[in-house]
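Note that the coordinates shown come from a computational prediction; the quantities given were computed from them, not determined experimentally.
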Amino acid sequence: MERNDEKGFFSWVTRLVRDHRGALAAVARKEGLLADDALDAVQDAFATFLRLPHARKLAYEEDDSRNLLAILVRNHARNRRRRHELARPHSSDSEVVEFLASEQESVDALIEHAEAHVLAFQCVEKLAVVQRQVVTLRLLEELPGVRVADLLGTTPGHVAVILHRAKRELRECMAE
């Protein structure tokens with residue numbers, strides 16, 4: 001940092017931030033923080049640095065200022081991870097562990113759900129255009145029959161008949 005081209009408080013602070021922000025964010029990320037938290041740690045480190053009585057003088061020593069800022073970022077990142085509001089609860093109570101394990105579906109069940117989803121999508125694609133529109137509006141978007149009838153320019157009774165026939169075709173397709 002050149003001392004003679006720096007004039008005023010904001011110019012040396014701006015230069016300090018510009019020169020070191022990327023490397024300091026990388027330090028915070030290496031400490032395990034997400035991007036937003038890493039930015040907060042870097043800002044906290046700069047705030048701490050600027051409170052030092054010899055901050056301006058130290059800012060002109062590039063290696064020293066970079067090393068001190070890296071230490072400050074590392075400490076802020078570690079403290080941030082340790083804070084109670086950011087910490088995740090750790091419980092090894094056997095009832096809690098069994099409850100958590102029982103909520104998850106098995107891999108086989110997840111694969112079956114995915115296959116059923118793909119099959120249902122393929123069956124919907126086989127429907128006629130009007131049937132597909134009615135199924136989409138009534139079942140997926142959950143619009144009332146009257147509203148669907150208005151959108152399609154038909155009567156609510158006709159929408160009900162189309163939906164009934166579409167459901168029958170979907171059941172037959174899914175059974176194959």
Which atom of A77 lies closest to which atom of E31, heavy atoms considered
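Distance-wise, the nearest heavy atoms are CB-CB, 3.7 Å.
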
Please name the pair of heavy atoms, one in R29 and one in A38, separated by the smallest distance, quoted to 0.1 Å.
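Closest pair (atom of R29, atom of A38, distance): CD-CB, 3.8 Å.
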
Residues sharing [X]'s hydrophobic cluster, by side-chain heavy-atom contacts under 4.5 Å among ILVMFWY, directly or via others?
{"X": "L33", "answer": "none"}
{"X": "V134", "answer": "V124, L127, V130, V135, L137, L139, L143, V148, L151, L152, V159, I162, L163, L170"}
{"X": "V129", "answer": "none"}

If two hydrophobic side chains count as joined below 4.5 Å and joins carry through other members, does L39 share a cluster with F49?
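No, because L39 and F49 fall into different hydrophobic clusters, even though each may have its own neighbours under 4.5 Å.
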
Hey, quick one: are L24 and L52 part of the same hydrophobic cluster, counting side-chain heavy atoms closer than 4.5 Å, chains of contacts allowed?
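The answer is yes; both residues are in one hydrophobic cluster.
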
Within this structure, what is the [atom1]-[atom2] distance for the pair [X] and [Y], rounded to the nearest 0.5 Å?
{"X": "S65", "Y": "K57", "atom1": "OG", "atom2": "NZ", "value": "13.5 Å"}
{"X": "C123", "Y": "E176", "atom1": "SG", "atom2": "CD", "value": "7.0 Å"}
{"X": "R56", "Y": "L50", "atom1": "CZ", "atom2": "CG", "value": "11.5 Å"}
{"X": "R15", "Y": "E62", "atom1": "CZ", "atom2": "CD", "value": "9.0 Å"}
{"X": "Q133", "Y": "E141", "atom1": "CD", "atom2": "CD", "value": "11.0 Å"}
{"X": "D44", "Y": "D40", "atom1": "CG", "atom2": "CG", "value": "6.5 Å"}

I'd like to check [X] versus [Y] (side-chain heavy atoms, cut-off strictly below 4.5 Å). Are they in contact?
{"X": "H76", "Y": "Q43", "result": "no"}
{"X": "L16", "Y": "F46", "result": "yes"}
{"X": "T48", "Y": "L69", "result": "no"}

Let me know which of K167, E169, M174 forms a side chain to side chain contact (heavy atoms under 4.5 Å, CB included) with R171.
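Answer to the side chain to side chain contact (heavy atoms under 4.5 Å, CB included) test with R171 among K167, E169, M174: K167.
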
Applying side-chain hydrogen bond (donor to acceptor under 3.5 Å, both in side chains), can you list everything that pairs with T154, at least two apart in sequence or on another chain?
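T154 satisfies side-chain hydrogen bond (donor to acceptor under 3.5 Å, both in side chains) with H158 only.
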
Contacts of type side chain to side chain contact (heavy atoms under 4.5 Å, CB included), residue V146, not counting sequence neighbours
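Here the qualifying residues are D150, P156.
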
With sequence neighbours excluded, what pairs up with Q122 under the side chain to side chain contact (heavy atoms under 4.5 Å, CB included) test?
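Once residues adjacent in sequence are excluded, the partners of Q122 under the side chain to side chain contact (heavy atoms under 4.5 Å, CB included) criterion are V118, L119.
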
Are there over 12 heavy-atom neighbours, none belonging to R132, within less than 6.0 Å of that residue's CZ?
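For R132, atom CZ is crowded (more than 12 foreign heavy atoms under 6.0 Å).
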
